[in-house]
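The block underneath contains the structure these notes are about, expressed in structure tokens.
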Amino acid sequence: MTAGGRPYRGRFAPSPTGPLHAGSLVAALASWLDARAHGGQWLVRLEDVDLGRCVPGADQDILRQLAACGLHSDEPPVWQSRRGTLYQQALDGLTEAGLAYPCACTRKDIETAWAAQGLPHERHAERVYPGTCRPERGGLHGRPARAWRLHTGAVLQRLGWPAVTHWVDRRLGPQQQAVEQAVGDFVLRRADGLWAYQLAVVVDDALQGITDVVRGEDLCDNTARQTVLQGALGLATPRYLHTPLVRDAAGDKLSKQNGAPALDVGDPLACLNAAAVVLGLAPQAGPLPEALAHWTGEWRARWVRP
Ligand code: GLU
């Protein structure tokens with residue numbers, strides 16, 4: 001059970017852009033341990049909405065690697081690429097409620113709008129959307145719709161929420177972000193027609209009854225956005241725990257983009273031991289089921305409130 005009284009359901013939600021590496025196994029193991037330590041369910045969801053970045057067969061590689069490590073989804077895995085109708089329903093609901101709107105702006109239009117105001121505002125090299133196509137500012141101005149965006153200002157006003165969204169991470173403690181200022185009206189459906197991660201993850205976490213999200217710390221920055229989107233859709237907000245990242249010798253996060261090698265699950269216990277150490281758990285000699293049971297106990301003692 002969770003604090004809210006809903007039966008615990010957790011998930012691991014890899015993007016199949018390649019096989020698991022040492023960093024992604026940390027999130028997989030942590031989410032599995034948290035589910036087991038709570039006596040709850042653990043689900044695997046393949047987040048393959050960004051088709052251009054997905055690698056054919058990587059989903060099966062990931063499922064095989066997880067299975068080799070003794071991490072089995074309690075329900076058949078789901079693939080986001082098959083769930084477009086659900087995301088469309090959510091977007092339609094937001095649009096009808098005046099909380100999402102179509103946007104005609106190209107990246108260049110956004111640059112130009114900011115330059116005209118003399119207000120450079122960079123964030124992860126991408127500019128905050130200046131709100132050009134907000135309905136109250138004239139909408140599409142006769143141009144064709146490209147992307148769909150969340151009207152963050154309208155959402156906060158409708159919910160009666162303050163400009164700054166506060167939330168408490170189970171590991172990192174109190175967090176805050178002024179979503180409208182820091183991120184702006186973020187994309188729900190991209191100009192190329194693909195579903196944005198933010199919408200897909202929020203819809204799926206809710207439809208799958210996820211009570212606890214356990215994932216890598218690099219995703220922490222998305223949480224306020226997801227909380228606002230949950231509010232807009234009238235959905236419950238799960239609890240969040242962001243795990244430490246595995247870094248390479250240069251201190252960069254291990255990722256497929258910077259060439260992290262695929263996890264060799266020929267020796268699953270060695271892989272899990274490396275992940276466990278990142279999570280502050282004691283290395284185990286095996287066998288695998290005993291190691292997992294031991295870590296579940298350690299995890300329960302540290303992260304599960306009596
Ligand atoms: N699919 C995301 C990733 O692999 C994780 C999403 C999440 O856990 O919220 O980075």
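Position 1 is the first residue of the sequence; numbering continues from there. All ligand and atom numbering here is 1-based and tracks the order in the structure.
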[Y] side chain reached by [X] side chain, heavy atoms, under 4.5 Å:
| X | Y | result |
| --- | --- | --- |
| W303 | H38 | no |
| W148 | L94 | no |
| R45 | D205 | yes |
| P238 | R9 | no |
| L263 | H21 | no |

Might you list the protein residues in contact with ligand 1, defined as having a heavy atom under 4.0 Å from one of its atoms, sorted by chain and number?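 For ligand 1, the residues that come within the 4.0 Å heavy-atom cutoff are R11, A13, P14, S15, E47, Y197, V201, R215, L219.
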
Would L235 and V213 show up in the same hydrophobic cluster when neighbours are defined by side-chain heavy atoms closer than 4.5 Å?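 In one cluster with L235: V213, no.
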
